[in-house]
J.: 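Pasting a structure here, questions to come.
No experiment lies behind these values; they were computed from the predicted model shown. Just follow the structure's listing: the first ligand is 1, and inside any ligand the first atom is 1. Counting from 1, the numbers follow the sequence of the chain as shown.
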Amino acid sequence: MTHIRAPRGTIDVFPEKPGIWQRLEETVRSVCRNAGYTEIRTPIFEHTELFQRGVGESTDIVEKEMYTFLDKGERSITLRPEGTAPVVRAYLEHKMWAGPQPVKVYYIGPMFRYERPQLGRLRQHTQFGVEALGASSPALDAEVISILISVYQHLGLSGFVVRLNSIGCSECRPRYKESLVNLLSEHVDELCADCRRRLRRNPLRVLDCKNERCAILAKELPPIFEYLCEDCSRHFGGVTECLKALDLVYELDPTIVRGLDYYTKTVFEVVHSGLGAQDALGGGGRYDGLAEELGGTQTPGVGFAAGIERAVQVLQDAGDKETSTDAGEVTVFIAAMGDEAKIEAFRITHALRKQGISTDIDYLDRSLRAQMKYADRQGVKTVVIIGEDELKGDYVIVRDMVTGEQTRVPFGDLIKILTQNTILSKDLKLPREK
Ligand code: HAM
């Protein structure tokens with residue numbers, strides 16, 4: 001029979017990796033909490049319409065990348081490709097607009113996109129992100145950018161660049177689009193097939209096309225800054241002023257237009273050259289029209305999301321070999337010989353765990369020697385040995401695996417010995433069950 005493999009574009013996170021994953025997630029949580037963001041968990045699947053209306057019918061995500069299916073009740077369901085539309089849906093559904101504003105939330109979780117898998121591009125990837133709803137202050141745009149940068153700084157991740165742009169609003173963007181169409185219509189033959197299509201549906205996307213000839217053409221196009229209305233211009237000035245106040249270094253990049261339709265005004269991406277073709281560590285921006293698009297009242301919003309697998313890749317390339325402190329790390333191993341001793345070892349293991357001492361035993365009927373070897377390979381610091389003689393004598397042998405020193409310990413003093421120098425259960429006795 002053939003082995004079943006994981007679906008293309010998905011990964012398993014192996015035991016040596018959770019160290020980085022956990023450190024990353026803990027860093028996200030502490031940086032976000034520190035800035036007043038609380039966690040939100042939305043469903044992994046939503047009604048397809050949420051993304052059709054939220055992300056936009058003409059985007060690559062909705063056009064070709066969604067995992068969509070009919071459930072048994074004939075409803076069209078989609079595995080979430082991103083987290084912003086679900087958060088805004090939850091904000092409206094639970095009338096979060098009625099409470100104090102802005103509502104500031106963060107999330108960590110899997111997203112699903114049927115893309116062509118390649119290095120850094122998966123069909124299931126994990127994002128951490130924040131969304132701040134109910135305030136249009138440019139300081140909030142700068143805050144979310146600074147949160148993303150803080151996460152990377154706390155992780156010791158360096159070498160990234162912040163690219164910043166504004167894509168205007170429903171007042172000024174159509175003017176810009178029109179002039180792009182006019183200018184590009186003279187060069188239709190030079191555009192790639194995708195961009196020829198985009199020219200009609202979303203000419204802004206020509207600006208960030210990866211095709212070499214399209215990129216050359218894009219360089220010649222006027223930047224949007226010249227077309228922004230007064231409000232968008234003032235807002236953008238406010239964002240850059242706040243970023244400067246934080247000494248946060250950024251580059252103005254008129255080719256950052258983002259691949260989701262909900263953006264207004266500020267857009268940004270954080271890129272890292274070590275990632276190759278898929279160089280975006282994270283991205284986001286303002287989306288002041290999204291709540292209305294989803295049937296709610298006009299609510300300003302701004303946020304970002306960033307890929308965890310991509311951050312892990314950069315950290316690992318930089319030599320981050322840190323392992324987890326809590327990924328099943330065992331400090332005590334009870335090695336037992338004989339049926340009675342094994343039952344005793346099982347009982348002691350659970351008693352020690354109750355006292356907060358991470359403990360394990362053998363489940364493979366190994367010889368004593370093999371148990372010691374196994375414990376050593378697991379990096380266990382202390383092994384407790386129980387055999388027939390020990391049972392009879394009401395004592396155990398405690399072996400320090402670092403020095404090799406062995407001590408005979410009365411059974412009732414075992415926990416005390418094992419917790420020596422800690423405040424844990426110092427005076428506890430482990431009663432021997434006869
Ligand atoms: P996005 O740029 O589509 O934005 O995705 C955010 C990040 O997720 C990317 O920068 C990248 O690191 C990671 N990512 C996306 N697709 C993949 C993939 N196929 N494989 C691996 N990593 C991937 C959003 O999703 C918006 N919701 C961000 C946002 C939040 N805007 C405002 N608030």
J.: Is any NZ, NE, NH1 or NH2 atom of the basic residue among Lys244 and Asp247 found under 4.0 Å from an Asp or Glu carboxylate oxygen of the other?
T.: no
J.: How far is atom 31 (N) of ligand 1 from the closest protein heavy atom, and which atom is that?
T.: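 The closest one turns out to be Tyr263 OH, 2.6 Å.
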J.: I need the contact type for Val302 against ligand 1. Using non-hydrogen atoms and a strict under-4.0 Å cut-off, is it side chain, backbone, both or neither?
T.: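 Neither; no heavy atom under 4.0 Å.
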J.: With respect to Arg121, determine whether any N or O atom, backbone or side chain, lies less than 3.5 Å from an N or O atom of ligand 1.
T.: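 N/O-N/O distance below 3.5 Å does not exist for this pair.
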J.: Does the pair Arg53/Asp261 count as a salt bridge with the N-to-O cut at 4.0 Å?
T.: no
J.: Quick check against the 3.5 Å criterion: does Thr299 have a side-chain atom that pairs as donor or acceptor with the backbone of Thr297?
T.: yes
J.: Using 0.5 Å steps for rounding, measure from the CG atom of Leu180 to the CG atom of Asn202.
T.: 10.0 Å
J.: Taking the basic N atoms (NZ, or NE/NH1/NH2) and the acidic carboxylate oxygens, is any pair closer than 4.0 Å for Arg205 and Asp194?
T.: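 Judged by the 4.0 Å cut-off on N to carboxylate O distance, Arg205 and Asp194 do not form a salt bridge.
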J.: For atom 23 (C) of ligand 1, what's the nearest protein heavy atom and its distance?
T.: His125 CD2, 3.3 Å
J.: With atoms numbered from 1 as shown, which atoms in ligand 1 lie under 4.0 angstrom from a non-hydrogen atom of Gly283?
T.: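 Answer for ligand 1: 10 (O), 28 (C), 29 (C).
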J.: Check Val330 against Val332 and note the closest heavy-atom contact, atom names and distance.
T.: CG1-O, 3.1 Å
J.: Which atoms of ligand 1 sit under 4.0 Å from any heavy atom of Tyr262?
T.: 26 (C), 27 (N), 31 (N)
J.: Would Gly120 count as a contact residue for ligand 1, given that I'm defining contact as a non-hydrogen atom of the residue lying under 4.0 Å from a ligand atom?
T.: yes
J.: Got the closest protein heavy atom to atom 1 (P) of ligand 1, with its distance?
T.: Arg258 NH2, 3.5 Å
J.: So, do Tyr250 and Phe268 have ring centers that fall under 6.0 Å from each other?
T.: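 No, they do not, as the ring centres are separated by 6.0 Å or more.
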J.: Using every non-hydrogen atom in the two residues, find where Asp12 and Ala6 come nearest and quote the distance to one decimal.
T.: OD2-CB, 4.4 Å
J.: Flag the pair Asp376 and Lys373 as a salt bridge only when some basic side-chain nitrogen lies within less than 4.0 angstrom of an acidic carboxylate oxygen.
T.: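 The answer is no: the pair does not qualify as a salt bridge.
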J.: For Gln298, I'd like to know if atom CD has over 12 heavy atoms of other residues, nucleotides or ligands within 6.0 Å.
T.: yes
J.: Nearest to atom 5 (O) of ligand 1 by heavy atom, Gln278, Glu82, Gln127: which?
T.: Gln127
J.: Is there any N or O on Val130 that sits under 3.5 Å from an N or O of ligand 1?
T.: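 No, no N or O pair falls under 3.5 Å.
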J.: Which protein non-hydrogen atom lies closest to atom 33 (N) of ligand 1, naming both residue and atom, and how far is it?
T.: Glu131 OE1, 2.9 Å
J.: Between Tyr152 and Phe160, how do the two ring planes meet: parallel, tilted or perpendicular, split at 30° and 60°?
T.: tilted
J.: Within the structure, does Ala280 bring an N/O atom to less than 3.5 angstrom of an N/O atom in ligand 1?
T.: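 Such a contact does occur with ligand 1.
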J.: Are Arg113 and ligand 1 in contact, using a heavy-atom cut-off of under 4.0 Å?
T.: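 It does; at least one heavy atom falls under 4.0 Å.
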J.: What protein heavy atom lies closest to atom 19 (N) of ligand 1? Include the residue and the distance to one decimal.
T.: Glu115 OE2, 2.6 Å
J.: Check Tyr287 against ligand 1 and report side chain, backbone, both or neither, counting heavy atoms closer than 4.0 Å.
T.: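 Side chain only.
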J.: Flag Leu281 as yes when one of its N or O atoms lies below 3.5 Å from any N or O atom of ligand 1, and as no otherwise.
T.: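 Right, the criterion is met.
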J.: Where is the nearest protein heavy atom to atom 10 (O) of ligand 1: which residue, which atom, and how far?
T.: Gly282 CA, 3.3 Å
J.: Note the single closest protein heavy atom to atom 20 (N) of ligand 1, along with its residue, its atom name and the distance in Å.
T.: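 The answer is Leu122 N, 2.9 Å.
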J.: So, Asp208 and Arg258, do they make that salt bridge, N to O below 4.0 Å?
T.: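 Salt bridge between Asp208 and Arg258, a charged N being under 4.0 Å from a carboxylate O: no.
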J.: Write out the residue and atom name of the closest protein heavy atom to atom 6 (C) of ligand 1, then the distance separating them to 0.1 Å.
T.: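 Protein heavy atom with the smallest distance to atom 6 (C) of ligand 1: Ala305 O, 3.3 Å.
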